[in-house]
Structures are given as C-alpha cells and as structure tokens.
Amino acid sequence: MDIPRIFTISESAHRIHNPFSAEKLATLGAVLRLEPDMRLLDLGSGSGEMLCTWARDHAITGTGIDKSPLFTAQARARAEELGVARRVSFIHGDATGHVAPEKVDIAACIGATWIGGGAAGTLALLARSLVPGGMILIGEPFWRQLPPSDEVARHCLAGAIADFLPLPDLITVFGDRGYDVVEMVLADQDSWDRYEAAKWLTMRRWLDANPDDAFAGEVRQLLNTEPRRHAAYTRDYLGWGVFALLAR
C-alpha cells in the first residue's frame with residue numbers, strides 16, 4: 001500500500017505536504033484555540049507535522065493515518081524528535097472509510113478529500129468520528145480567479161474549471177451542508193512557492209543520484225516543466241485553505 005511514486009520522490013524532503021508554511025500551520029493551531037488533551041484524528045496525515053507540532057505546542061493527542069510508508073515513518077521520527085511520541089501515533093493504512101474507535105474532538109482531512117470521494121463525502125466521513133460539538137478541519141483548493149478555459153484549469157492540476165469553486169462559493173457549499181465556517185487559514189503565493197519549489201531541488205538531487213532508474217525519465221520531464229507551470233498558472237489562479245467547521 002502506497003501513494004504514487006512521484007510524490008514519495010518529489011515530496012520526500014517536505015514536512016508539510018500541502019501549500020502551508022510552518023508559520024501558517026502554527027497560525028491554524030493558534031486560532032483554533034486548542035486545549036490540552038484534545039483528541040485529533042488526521043486522515044491523510046503525511047509526515048505528521050500538524051499532529052506533532054500541535055502536540056508540542058498545545059499538548060493535544062492524536063492519531064494520523066496515511067497510505068505512504070515513507071511519510072508514516074517520517075511522522076514517527078518527527079514525533080520522537082519533538083518528544084511527543086507518547087501523545088501521537090501514526091498508522092500506515094488506507095484512511096478511506098476510517099472511523100475513529102473512540103470519538104475525537106477534531107477530525108481533519110487536510111488536502112486529501114479523495115479519501116471520502118470529495119469534500120461532501122469527506123465531511124460525512126469525518127463527522128462519524130466526532131464527539132457532539134466537535135470540529136471538522138478540511139483542506140480544499142479553490143479558484144483565486146476563474147481560469148479562462150478548461151485548458152488553463154488543467155495546468156492548475158484540475159480536470160476542468162468545474163472541479164473547483166471560487167472561495168465564496170466553496171464557503172456556501174459548507175453552509176449548504178449544515179456547517180458554520182468558524183475559522184479559515186489560506187495559503188498565499190509565498191507558501192505555494194515553498195510547497196512547489198521545494199520539489200524541484202529534491203527531484204534534481206534524486207536525478208543526480210539515480211540517473212539509471214527506470215523512473216528517471218518521468219522525474220526529468222516534471223523538472224523540465226513544473227517551474228514554468230507553477231509560475232504561469234498555480235500562483236495566479238489556484239488558492240488553497242483549511243476551513244474549520246462546526247455543525248449547526
């Protein structure tokens with residue numbers, strides 16, 4: 001069980017596998033008014049930076065689940081590094097359909113809503129793990145400005161314009177599903193740069209070390225095209241944020 005190999009290569013040096021900086025992740029933890037011993041479930045937890053730093057800074061507890069054995073191992077190592085291994089745990093597994101055996105205070109899926117078949121399905125899945133009055137955190141893309149064509153949308157890693165919504169419309173969807181949006185922290189161009197540009201050096205270092213790997217051609221093609229694609233499209237058109245939701 002694993003995620004596609006390109007991600008375990010290009011994001012192997014990432015601590016945060018989405019367009020958030022460490023500062024934005026810390027801001028999110030602060031604005032949520034976390035309290036000691038709150039329990040958090042993170043579906044698609046990546047390398048565990050959110051759970052580990054929040055356990056260190058806010059004394060929460062939690063469990064993360066991720067399909068990548070590499071990222072799961074990195075998360076466990078990060079927990080040891082920050083001295084929070086007794087407060088958080090990480091499971092290598094498929095989070096699709098996962099419901100916490102013990103209800104949690106916060107259920108999160110940050111940038112991996114394929115787990116529930118999209119935002120609506122993921123909301124329904126996360127709600128099944130919550131205590132009454134618990135909070136959902138969901139990370140989703142949105143259009144900063146509408147692309148002029150589906151071709152431009154595809155350069156923003158969407159299949160078509162219809163795949164994402166403008167920010168006001170995304171917030172409306174949450175409301176239509178019966179949730180109040182009670183907080184949000186949004187990526188900006190700089191944090192997008194840190195997420196995307198950090199991949200390029202990682203890919204180049206991997207190519208230098210693995211010139212004869214059968215996957216090298218695909219990595220080289222991405223390194224040839226991704227810097228321009230990001231500069232021309234993602235920075236101007238694609239937004240991303242984490243939204244905190246409470247059921248009405």
Side-chain angles (χ1 to χ4, degrees), residues 2-11 14 16-21 24 43-44 46 67-68 94-96 108-126 136-179 181 184-200 202-204 215-243 245:
D2 204 347
I3 61 176
R5 190 182 181 197
I6 188 57
F7 296 110
T8 59
I9 291 173
S10 65
E11 298 189 24
H14 283 52
I16 302 171
H17 301 279
N18 58 58
F20 259 16
S21 62
K24 285 188 178 291
L43 302 185
K67 287 181 70 173
S68 168
D94 187 350
T96 303
C109 183
I110 308 299
T113 53
W114 51 265
I115 286 170
T122 302
L123 285 174
L125 174 62
L126 293 172
I136 286 175
L137 299 181
I138 194 160
E140 276 290 280
F142 58 87
W143 293 123
R144 296 182 68 223
Q145 58 175 319
L146 283 175
S149 67
D150 283 340
E151 180 180 1
V152 172
R154 285 190 287 273
H155 284 298
C156 297
L157 308 180
I161 295 172
D163 284 358
F164 305 143
L165 295 169
L167 180 58
D169 295 344
L170 178 59
I171 290 174
T172 296
V173 167
F174 295 142
D176 289 345
R177 295 285 173 179
Y179 290 91
V181 178
M184 69 179 186
V185 178
L186 304 182
D188 55 26
Q189 287 182 320
D190 182 66
S191 58
W192 264 112
D193 291 346
R194 298 288 18 94
Y195 174 56
E196 293 291 345
K199 300 176 188 178
W200 310 335
T202 302
M203 289 192 287
R204 176 54 192 269
F215 203 60
E218 185 168 337
V219 176
R220 165 45 65 188
Q221 177 63 22
L222 280 175
L223 185 55
N224 287 349
T225 58
E226 280 296 282
R228 186 185 186 284
R229 183 203 63 77
H230 171 63
Y233 299 104
T234 307
R235 293 187 93 249
D236 288 334
Y237 290 103
L238 191 58
W240 192 88
V242 178
F243 303 87
L245 312 175

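The shortest distance between side-chain heavy atoms of Gln145 and Tyr237 falls below 4.5 Å. A heavy-atom distance below 4.5 Å is found between the side chains of Val185 and Phe20. Looking at heavy atoms from C-beta onward, Trp143 lies in side-chain contact with Cys156 at the 4.5 angstrom threshold. Side chains of Ile138 and Ile110 form no contact here, defined as non-hydrogen atoms less than 4.5 Å apart.
Arg154 and Gly159 make their closest contact through CG-O, 3.4 Å (heavy atoms, listed as atom of the first residue, atom of the second, distance). Contact detail for Asp236 and Arg144: the closest heavy-atom pair is O-NH1, 3.6 Å. In terms of heavy atoms, Ile161 sits closest to Ala153 at N-CB, 3.6 Å. Ala112 and Gly44 make their closest contact through CB-CA, 4.5 Å (heavy atoms, listed as atom of the first residue, atom of the second, distance). Between Thr122 and Ile115 the shortest heavy-atom distance is OG1-C, 4.4 Å. The nearest pair of heavy atoms linking Ser10 to Met203 is CB-CG, 3.9 Å.
Rounded to the nearest 0.5 Å, atoms CD1 (Ile9) and CZ (Phe215) are 5.0 Å apart. Note that CG of Leu170 is 5.0 Å distant from CZ of Phe243, once rounded to the nearest 0.5 Å. Distance check: Thr225 OG1 to His155 NE2 gives 10.0 Å after rounding to the nearest 0.5 Å. For the atom pair CG of Asn18 and CH2 of Trp192, the computed distance is 9.0 Å after rounding to the nearest 0.5 Å. Taking CD1 from Ile6 and CG from Leu222, the interatomic distance works out to 4.5 Å, rounded to the nearest 0.5 Å. A distance of 5.5 Å separates OG1 of Thr234 from CG of Leu157, quoted to the nearest 0.5 Å.
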Take Leu125 and Leu43 through the side-chain contact (heavy atoms from CB on, under 4.5 Å) test and state the conclusion after the steps.
CA-CA 10 Å; Leu125 174 62; Leu43 302 185; 3.9 Å; yes
Check against side-chain contact (heavy atoms from CB on, under 4.5 Å), Met184 and Ile171:
CA-CA 10 Å; Met184 69 179 186; Ile171 290 174; 4.2 Å; yes
Assess whether side-chain contact (heavy atoms from CB on, under 4.5 Å) is satisfied between Leu186 and Phe142, documenting all intermediate values.
CA-CA 10 Å; Leu186 304 182; Phe142 58 87; 3.9 Å; yes
Checking side-chain contact (heavy atoms from CB on, under 4.5 Å) for the pair Ser21/Asp190: CA distance, chi angles, key distance, verdict?
CA-CA 9 Å; Ser21 62; Asp190 182 66; 5.8 Å; no
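A 6.0 Å sphere centred on CZ of Arg220 holds more than 12 heavy atoms belonging to other residues, nucleotides or ligands. Within a 6.0 Å sphere centred on CZ of Phe7, other residues, nucleotides and ligands contribute 12 heavy atoms or fewer.
When the side-chain hydrogen bond (donor to acceptor under 3.5 Å, both in side chains) test is applied to Arg235, the partners found at least two apart in sequence or on another chain are Asp193. Residues satisfying the side chain to side chain contact (heavy atoms under 4.5 Å, CB included) criterion with Pro141, sequence neighbours excluded, are Phe164, Leu238, Trp240. Residues satisfying the side-chain hydrogen bond (donor to acceptor under 3.5 Å, both in side chains) criterion with Lys67, sequence neighbours excluded, are absent altogether.
Ring geometry for Tyr195 versus His14: interplanar angle over 60°, hence perpendicular rather than tilted (30 to 60°).
Using a 4.0 Å cut-off between a side-chain N of Lys or Arg and a carboxylate O of Asp or Glu, Arg229 and Glu226 qualify as a salt bridge.
With no hydrogens or angles considered, no side-chain donor-acceptor pair links Glu196 and His230 at under 3.5 Å.
Thr113 places no side-chain N or O within donor-acceptor distance of the main-chain N or O of Cys109, the cut-off being under 3.5 Å. With Asp188 contributing its side chain and Ser191 its backbone, the two residues share a donor-acceptor pair below 3.5 Å.
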